[in-house]
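Step one of this worksheet: look at the structure below.
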Amino acid sequence: MPWPSRKRDKGAVADKKEPDAKIAKTEEETSDKEEEKSSKPPAGSSKSGWKNWKKKESESGGEESKITYCHWLLKSEPESRLEKGVDVKFSVDDLKAQPNQTTCWDGVRNYQARNFLRSMKLGQQAFFYHSNCKEPGIVALVKIVKEAYPDHTQFDQKDPHYDSTSRKENPKWSMVDVQFVRMTKRFIPLSEIKAHHLAHKANGGPLKDMMLFSRQRLSIQPLTQEEFDFVLSLEEEKPR
DNA sequence: GCCAACGTTGGC
DNA sequence: GCCAACGTTGGC
């Protein structure tokens, strides 16, 4: 059976040493300029949360457009779907079944998403999101266990994400390795996140600019600390 | 399965 | 560089 491929396994193994990540420094034209990097490695964990959300806009001293991202949301399809004859299904259960519960996040073929991938730092946490399925939403927490390095599937003609225009000397696409951390205490549906987003947009709140809604098709999205904390705090609430 | 959103491609 | 055609994503 075809392996999941959207982002999947195959070589993952976190501590395998790769010659290193030689990210091409190409600077492909990117379609955006956002991305900012964080810098503090350990993503903390959260808890508390959103009590400080209000300050975000006012603080940041003088430049508020300098948002720092240190958390992520990774979309993956939990239901089977063929892409060039290969099943791209990769659910959180598939992730948990990997050696070390770790996988390489390959197959990303969008420049903006790739750039975010390249700015990910070791130890940062991300939400594992199920998309294109009956119940879209967040199911688990994962963390970055290996920073960006060339995505080998771009050179594999049999891979659905093969890119004939990419050269080994200067790979266009990158991937990171991510490891399962834990399931969220409950499934956090998109509908619920969206309801909060709409409310925050109207009245202010941490989710008012969440990329899930402004860049709906991006498969790799950054979250601010406030967004991450707020969303995570939802796991403590009763499902509505 | 439909279709809106939106990224990419390519003619000019 | 503009923009229409086209392809993909992903909610519903």
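Convention: sequence-line order gives letters A, B, ...; per-chain numbering from 1. What you see is a predicted model; the values in this text were computed from it and never measured.
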- Message: Classify the ring geometry of F128(A) against W105(A): parallel below 30°, tilted from 30° to 60°, perpendicular beyond 60°.
- Response: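 Rings of F128(A) and W105(A): perpendicular, over 60°.
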- Query: Do the rings of F116(A) and W72(A) sit parallel, tilted or perpendicular, given the 30° and 60° boundaries?
  - Reply: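 F116(A) and W72(A): tilted rings.
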Nearest whole Å is fine: how far is [N] [atom2] from [X] [atom1]?
X	N	atom1	atom2	value
L218(A)	dT9(C)	CG	P	12 Å
N110(A)	dG7(C)	CG	C1'	13 Å
H130(A)	dC12(C)	NE2	C1'	18 Å
L73(A)	dG11(C)	CG	P	10 Å
R114(A)	dG7(B)	CZ	P	16 Å
E135(A)	dC12(C)	CD	P	12 Å
K75(A)	dG7(B)	NZ	P	11 Å
M211(A)	dT9(C)	CE	C1'	17 Å

Among the nucleotides [options], which one has an atom lying closest to any side-chain atom of [X]?
X	options	result
S219(A)	dG10(C), dG7(B), dG11(C)	dG10(C)
K194(A)	dC12(C), dT9(C), dG10(C)	dC12(C)
Q216(A)	dG11(C), dT8(B), dA5(B)	dA5(B)
R215(A)	dG7(B), dA5(B), dG11(C)	dG7(B)
Y129(A)	dG11(C), dG10(C), dT8(B)	dG11(C)
S131(A)	dT9(C), dT8(B), dG10(C)	dG10(C)

- Query: Which residue lies toward the 5' end of DNA chain B, N132(A) or F213(A), if each is placed at its nearest nucleotide?
  - Reply: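 The residue mapped nearer the 5' terminus is N132(A).
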- Task: Describe the nucleic acid contact of K134(A) in one word from base, sugar-phosphate, nothing, applying a heavy-atom distance below 4.0 Å.
- Result: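 Contact class for K134(A): none.
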- With heavy atoms under 4.0 Å as the rule, sort S191(A) into base, sugar-phosphate or nothing.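 No contact.
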- Item | H161(A)-Q154(A) side chain donor-acceptor pair, cut-off 3.5 Å |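 Not at all, the side chains of H161(A) and Q154(A) share no donor-acceptor pair under 3.5 Å.
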- Do K89(A) and E79(A) pass the salt bridge (charged side-chain N to carboxylate O under 4.0 Å, His left out) test, and can you show the C-alpha distance, the side-chain angles, and the key distance before you say yes or no? CA-CA 5 Å; K89(A) 164 187 186 298; E79(A) 297 173 5; over 6 Å; no
- Please assess D151(A) against R109(A) for the test salt bridge (charged side-chain N to carboxylate O under 4.0 Å, His left out), listing each intermediate value before the final yes or no. CA-CA 10 Å; D151(A) 176 347; R109(A) 297 293 182 270; 2.9 Å; yes
